[in-house]
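The chains referred to below are lettered A, B, ... by the order of the sequence lines, with proteins before strands, and numbering in each begins at 1.
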Amino acid sequence: MSKKLFLLDAMALIYRAYYALIRSPRITSKGKNTNAQFGFTNTLYDLINKEKPTHLAVCFDTHAPTERHTDFSEYKANRQEAPEDLLESIPDIQRIIKGFNIPCVELDGYEADDVIGTLAWQAADAGYEVYMVTPDKDYGQLLIHPNVFIYKPPYMGNKEEILDAQKVCDKWGISRVQQVVDILGLMGDAVDNIPGIAGVGEKTAAKLLKEYDTLENVLANAASIKGSLGEKIRNGIEAATISKKLATIITDVPVQFHEEDFKLKEWNRPELEESFTELEFKSLGKRILGDSFNAFQTAPQGVQTDLFGNVVDTLQNTVKKAPAAAAEDDSEVTGLSADKNIHNTPHQYELVETDEQIIGLVKQLLSEPEICFDTETNNLDANDCELVGMSFSCKPGVAYYIPCPASQDRTKAILQLLSPLFNKTDVLWIGQNVKYDMLVLKWYNVELKGNIYDTMLAHYVVEPEGRRSMDLLSAQYLQYEPVHIEELIGKKGKSQGNMRDVPVEKVKEYAAEDADITLQLKHALHPQLKLKAVDDVFSKVENPLVKVLTDMEFEGVRVDINFLQEYSRELEKDAAACESRVYEQAGVKFNLASPKQLGEVLFEKLQLDPKAKKTKTGQYATGEDVLMKLSNNNPIVEDILTFRELTKLKSTYVDALPQMINRKTGRVHTSYAQAVAVTGRLSSNNPNLQNIPIRTDRGREIRKAFVPRDAEHLLISADYSQIELRIVAAISGDPNMCEAFKLGKDIHTATAAKVYGIAEEEVTKEQRYKAKSVNFGIIYGQGAFGLADNLGISRTEAKTIIDNYKKEFSGINKYMDDMINFAKEHGYVQTLMGRKRWLKDINSANFTVRGFAERNAINSPIQGTAADMIKMAMIRIHEAMKKENLRSRMILQVHDELVFDVHQSELDTLKPLILENMKIALPLPNEVPVEAELGSGINWLEAH
DNA sequence: ATATTCACG
DNA sequence: ACGTACGTGAATATG
């Protein structure tokens, strides 16, 4: 019998199993998520059963950095932290593997693919047929030995797949598997953050290798490669060299394949029984262990520990011992080696607890012009948490921490003692994401009267595209690694701890350090504001907006649950009807919500389109645009699209919104992200209230659920009219467009008249519609192809329209060129308020990459100026409402719209106040007027 | 975690 | 030959 060795890439399989099951999670009676354990065990067992390996080993990655990480800091730097449930599953899985009497192999400094590659070749040399079980395409490079294969386990509805060298070569379009690393070196790999050559993708890489055979030879001949491709390659020599090295799997890892170790042996049944019982694998347990297995029996006690390690020992240190028991001890937070963190810089952090101490601190801080502060809470949701403590710092290295005990009376008393500080007007409050802290304090009826300096926002205007967690900023600007919050309360997830339960001494170190670091960050970032000339947008727009957003988030909006519940039932019914009609027409039942299954039904079973579009993963595309183009209005298409619409509305809005209602206020409190959108816009999340439906009848209904706080109130909605087009007209100074706005014309009709060379009265609906599409397309830098696609017209017609447009509105054409040229020269574009966006790819040799940057150069100043304008308006309106002591509140912002919850007695005061401030917030050049419209009603739909 | 789809301005 | 309109957030499937 031939010897078949299977080597499993454990982490890759665990990830897949975990996420494949996440929608119907397996939770034990103790509340433990066992997705990964279940999925992995299932895969392992099926593999053993079906493929009948004679030998098997499971390979893990370790936390230790590898040479790839030390050589190239960006390697896998884009990876998110694994979820806690997943990390906690690893000891269980290793224990199950031991139960099957299968060795786990891992080695510090090497990744699983290195270990697997090395073992695979050794075993193949020894006459084995070797299957590397992994979804990872990089393994293709290892198929040099004719007896080594890749075994892709079933996933996404695909069957398992065995890849040999030929299949891998066909897949990539190469002639030898050795070229897999050359391909990866040229094209990079987004998953692992391997750069490759900018602008070289899979196709180009394959073409180059066809001609030059190896990456080295491509680079050696770079000088003779013509055109932009040659330039790209010449610019990417270093990146390609690094990338190839990163993608190359190491095959001389110090591990030794021993036949005996990897041989499948008798299972350790008691051990498996115990694991399966603990994890509550009922049917799976029976399937594996037979009917005698009963998941509810008491776990057998006293399993002999020497059964765990006997395979392992012959592999010396390369094999990890299974944990003696499932990780019950949670004294240390997993996943982080505490000794690696460097937070031992000399500092003086003091605990301030008694009334006397607090009064002393207040007295001291009252003389400070700038105070850095931070709050600690027992929950991330600022609208649903208690204050656990506050830290203050005015001098680098010195900080104070005031703990707030569970007694809310005492917490209020502490805040009372601090009130002279909070009420002080001539003080600058420095913090990182101050909105959060202000919101927490607002629930205690505390408002900061001084000015705000938010370091997160400073970084936002200095580097709009960067990421800006405290940890990253500290590393980037202070070269200092602070205490991670995970060290105190664990990672995000259901078992995340609570700051309240952490010993005060530990919280003090963490909290005081945060205030200390934030103060130092302010000093590091501040010069950058002037240097990059973004201090205006920072001090006039972003910082003053913090208080406005705090108040808006605090207010929230009332949502009519009854209405939504009723509407949910209606949508449910209609969606179900659509669904059954689809199954009837298709002649099969399947999961209509699965694009993959739908694609197969439409394009294979029903043969609706012989040349159906595929997505990049090789599935059929089933997006709305694709379906709409399907053969002559097939009724099944209509039902599918309606089903999609109804289920989208139901799951994203109608059913989700009631669950977001705050238990204290009975209202929905969105959170505005002020430092996310690169153009300067806000974004909204938890829930997103900036994408509530309006375009379809059934979607629009949802707006009826947004209602005033009570019968004495109404909602007001005020929105800018054509603001982005006005901004284009104004900053381009195009005479025709400016004139149209000055005369108060309908801009799309006026555009159509110019483009078609006719009088405005003669413009048809069709022509106006097309002109409108051009107007919007221009804002985004759309070309003839896009316009044609959008309007369903020929590319020639689209080109004619665009050419006419550019001729009639030559100023706008010039604006677009000017923006691109400005960006090419200066490396950035900017808004009217001086908000900047840097475009590093603007001079890229790659057409696609550069084109993207060019469209950004056109769009960002427009979108960003509109964002500046409404932000300024919000600041003004908020200030005016406060000054007038109104009881009405601004509650929502939707990019060009503001929504207010208005007491009816204040309607007449408020309407002009809102409109006037919106209009004058940011005057446009070339006398282009800014217009805003306003409506009111008993719900958002009616107010619109 | 990744891919696809779709809601808004 | 390639890709083709900017900016977001959220839900779904996936074994």
Q: Given B:dC6, is OP1 or OP2 found less than 4.0 Å from the side-chain N or O atoms of A:Arg644?
A: yes
Q: Listed by chain and number, what are the salt bridge (charged side-chain N to carboxylate O under 4.0 Å, His left out) partners of A:Lys137, not counting sequence neighbours?
A: A:Asp189
Q: With under 30° as parallel and over 60° as perpendicular, where do the rings of A:Phe281 and A:Phe38 fit, or are they tilted in between?
A: perpendicular
Q: Which part of the nucleic acid, if any, lies within reach of A:Asn856 when heavy atoms closer than 4.0 Å are counted: base, sugar-phosphate only, or nothing?
A: sugar-phosphate
Q: Looking at residues 692-702 of chain A, who's got a heavy atom less than 4.0 Å off DNA chain B?
A: A:Ile692, A:Pro693, A:Ile694, A:Arg695
Q: Taking only side-chain nitrogens and oxygens of A:Ser651, does any of them come within less than 4.0 Å of OP1 or OP2 of C:dA10?
A: no
Q: According to salt bridge (charged side-chain N to carboxylate O under 4.0 Å, His left out), who are the partners of A:Asp609, at least two apart in sequence or on a separate chain?
A: none
Q: Between the protein and nucleotides 2-4 of chain C, which nitrogen or oxygen pairs are less than 3.5 angstrom apart?
A:
none

Q: Which residue pairs satisfy the salt bridge (charged side-chain N to carboxylate O under 4.0 Å, His left out) criterion with at least one member in residues 685-696 of chain A, sequence neighbours excluded?
A: none
Q: Tell me, please, which residues at least two apart from A:Lys806 pass salt bridge (charged side-chain N to carboxylate O under 4.0 Å, His left out).
A: none
Q: Indicate whether OP1 or OP2 belonging to B:dC6 is found under 4.0 Å from a side-chain N or O atom of A:Thr652.
A: no
Q: Should A:Lys596 and A:Glu600 count as an ion pair when the cut-off is N to O under 4.0 Å?
A: yes
Q: Assign A:Phe852 to base, sugar-phosphate, or nothing according to its heavy-atom contacts below 4.0 angstrom with the strands shown.
A: sugar-phosphate
Q: Who are the salt bridge (charged side-chain N to carboxylate O under 4.0 Å, His left out) partners of A:Arg835, not counting sequence neighbours?
A: A:Glu542, A:Asp868
Q: Can you tell me which residue pairs pass the salt bridge (charged side-chain N to carboxylate O under 4.0 Å, His left out) test with a partner in residues 34-50 of chain A, sequence neighbours excluded?
A: A:Asp46-A:Arg287, A:Lys50-A:Glu160
Q: In dot-bracket, 5' to 3', how would DNA chain C read with Watson-Crick or G-U wobble pairs under 3.5 Å, [ ] for crossing ones and | for pairs to another strand?
A: .....|||||||||.
Q: Just to verify, what does A:Glu645 make a side chain to side chain contact (heavy atoms under 4.5 Å, CB included) with, not counting sequence neighbours?
A: A:Leu649, A:Thr696, A:Arg698
Q: May I have the list of side-chain donor-acceptor pairs in residues 776-793 of chain A shorter than 3.5 Å, sequence neighbours left out?
A:
from	atom 1	to	atom 2	distance (Å)
A:Gln782	NE2	A:Gly786	O	3.2
A:Asp789	OD1	A:Lys629	NZ	3.4
A:Asn790	ND2	A:Ser773	OG	3.0

Q: Looking at DNA chain C, which of residues 675-684 of chain A put a heavy atom within less than 4.0 Å of it?
A: A:Val676, A:Ala677, A:Val678, A:Thr679, A:Arg681, A:Ser683, A:Ser684
Q: OP1 or OP2 of C:dC6 versus the side-chain N and O atoms of A:Tyr780: is any pair under 4.0 Å?
A: no
Q: Does CD in A:Glu572 sit with more than 12 non-hydrogen atoms of other residues, nucleotides or ligands closer than 6.0 Å?
A: no
Q: Check this one for me: any side-chain N or O of A:Asn591 less than 4.0 Å away from OP1 or OP2 of C:dA13?
A: yes
